Enquirer: 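Take this structure first; my questions come after.
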Amino acid sequence: MRILLLGGTSFIGRTIAERALREGDAVTLFGRGRTGAGLFPDVPRLIGDRDTDDYGALAAGEWDAVVDLSGYLPRHVDRAMDALGDRVGRYLFVSSHAVYVQEGLSAGNDEDSPLRDALRGEVAVLDNDTYGPSKVACEEDVVARFGSRATIVRPCRVAGPYDNQNPVTYWVRRGARGGWVALPGDPDQPVQIVDARDLAALVLRLVRDDRGGAFNAVGPADPTTLGALIRACARLGGTDIEIVPVPGPPPPLFPLVRPRSQWMGQRRGGARARAAGMPATPLETTLADIAAWDRSTGLPPLGRGYTAAEEAAVLARRAPGA
Ligand SMILES: NC(=O)c1ccc[n+]([C@@H]2O[C@H](COP(=O)([O-])OP(=O)(O)OC[C@H]3O[C@@H](n4cnc5c(N)ncnc54)[C@H](OP(=O)(O)O)[C@@H]3O)[C@@H](O)[C@H]2O)c1
């Protein structure tokens, strides 16, 4: 298939591009040319900038499907659709589970759960108040224009090699260090993460099957908890750990920790995507592949979670059993 990726050179898009190329699709990349500039040397790269509405490079060309990974504001999708006109068959928008209302859900909540109110117009910062509502507006505009030729994919937290946010990488590293593990949360908290390779397989399956609608992309297949994930990281690292819950609130953006009122947002139903053919990489495989990739990049600072010194200070205030 001829597939245009709006993005494709950082994490999720890069994983999709790799799989599409491996499986024989004709891939074109659109971006500013800043991220992953040396990747995919044989793949056509169209240069533009969604922040400045620069889509001149999309004035020519035809594709069976566009996969939009870099749309965050309705203006982004609106101008991209203006530029592409009727030269693409299907518009697959990579949205987020942040589109859903965050509280008052029950386990197994699915694609028909209520969405947050759409936020239109410019926003200064994409944060918890603006990111999901702006994605709702993007979804609405793509569906309004492409109808049954629109596909919406709503991933939960994505994990895997190339991750550029690294919440799971934090726990993989922390498990490998062993010992007392400070957790500013509850080990029984449910956690959903989807392997980027499974997400890529779903995206490509949906465009090849020309399938419209909205799909949650969630994993792992067997429900898990934050405590179980941390213990799996320790097993992977061959260490012994003791999880020590410490009083909150957690530091901002602490990896994978959620307030209790939002726990059911970590128990979303993914049956529709599974029925469409999304694979289910075992959690242990995802963690092992993150660890190998992380080592290959030289374990750079993650910028999230506790530093070793911060964790030691927190633990000193709250020893196990205290
Ligand atoms: N990570 C998660 O856990 C998670 C969860 C749910 C949903 N998502 C969604 O996944 C998508 C992002 O995934 P990703 O970053 O891994 O995708 P990616 O496609 O691998 O990387 C982002 C791409 O967007 C391009 N880009 C960035 N700013 C741009 C601009 N102003 N104009 C044109 N191109 C631009 C970048 O290239 P240049 O820098 O060269 O322009 C890069 O190729 C987002 O839609 C996000 O909402 C992520």
Side-chain angles (χ1 to χ4, degrees), residues 3-21 27-40 43-58 66-77 79-80 83 91-100 122-123 126-128 130-139 142 151-170 191-200 202-203 214-219 253 255-256 258 265-266 268 270 273 286 290 304:
I3 301 177
L4 170 65
L5 299 183
L6 303 182
T9 59
S10 181
F11 171 34
I12 300 168
R14 178 175 174 178
T15 309
I16 294 171
E18 282 184 351
R19 185 178 181 109
L21 291 166
V27 173
T28 305
L29 302 172
F30 173 88
R32 295 166 302 178
R34 294 184 195 170
T35 308
L39 294 173
F40 311 123
V43 171
R45 278 212 188 206
L46 305 177
I47 302 300
D49 189 341
R50 308 189 81 172
D51 291 334
T52 58
D53 296 342
D54 175 7
Y55 291 94
L58 296 183
V66 53
V67 176
D68 187 346
L69 293 132
S70 49
Y72 293 91
L73 304 177
R75 172 171 62 85
H76 292 156
V77 296
R79 296 294 82 79
Y91 201 113
L92 186 148
F93 180 67
V94 177
S95 186
S96 165
H97 72 158
V99 295
Y100 294 114
E122 296 298 309
V123 296
L126 286 168
D127 57 19
N128 188 46
T130 57
Y131 169 67
S134 292
K135 284 280 198 184
V136 173
C138 293
E139 289 191 7
V142 171
T151 308
I152 307 295
V153 174
R154 298 174 181 148
C156 65
R157 172 61 60 195
V158 186
Y162 315 139
D163 194 349
N164 49 18
Q165 299 182 13
N166 286 307
V168 181
T169 315
Y170 173 82
V191 167
Q192 285 185 315
I193 58 172
V194 61
D195 188 298
R197 284 85 49 102
D198 294 342
L199 173 57
L202 173 69
V203 163
F215 298 82
N216 284 345
V218 297
L253 296 178
L256 304 182
R258 299 283 180 278
Q266 299 291 313
R268 298 191 196 284
T286 304
I290 291 172
R304 42 164 77 220

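Since the structure is predicted, the reported quantities are computational estimates derived from the model, not experimental observations. Both ligands and their constituent atoms are indexed starting at 1 by order of listing.
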Enquirer: Just verifying a value: how many Å separate Leu39 CG and Leu29 CG, rounded to the nearest 0.5 Å?
Expert: 9.0 Å

Enquirer: What salt bridge (Lys or Arg N to Asp or Glu O under 4.0 Å) pairs are there with at least one residue in residues 152-165, not counting sequence neighbours?
Expert: Glu139-Arg154

Enquirer: List in chain and number order the residues that pass ring-ring contact (aromatic ring centres under 6.0 Å, His included) with Tyr55, two or more places apart in sequence or in another chain; answer none if no residue qualifies.
Expert: Phe30

Enquirer: Say you draw a straight line from CD1 of Ile47 to CG of Leu58; how long is it, rounded to the nearest 0.5 Å?
Expert: 11.0 Å

Enquirer: Let me know which protein residues bring a heavy atom to under 4.0 Å of ligand 1; chain then number is fine for ordering.
Expert: Gly7, Gly8, Thr9, Ser10, Phe11, Ile12, Gly13, Arg14, Gly31, Arg32, Gly33, Arg34, Thr35, Gly48, Asp49, Arg50, Asp51, Leu69, Ser70, Tyr72, Val94, Ser95, Ser96, Tyr131, Lys135, Pro155, Cys156, Arg157, Val158, Asn164, Gln165

Enquirer: Checking Thr130 now: which residues fulfil side-chain contact (heavy atoms from CB on, under 4.5 Å) with it, not counting sequence neighbours?
Expert: Leu119, Val123, Leu126, Asp127

Enquirer: Quick one: pull up CG in Leu5 and OG in Ser70 and give me the separation to the nearest 0.5 Å.
Expert: 9.5 Å

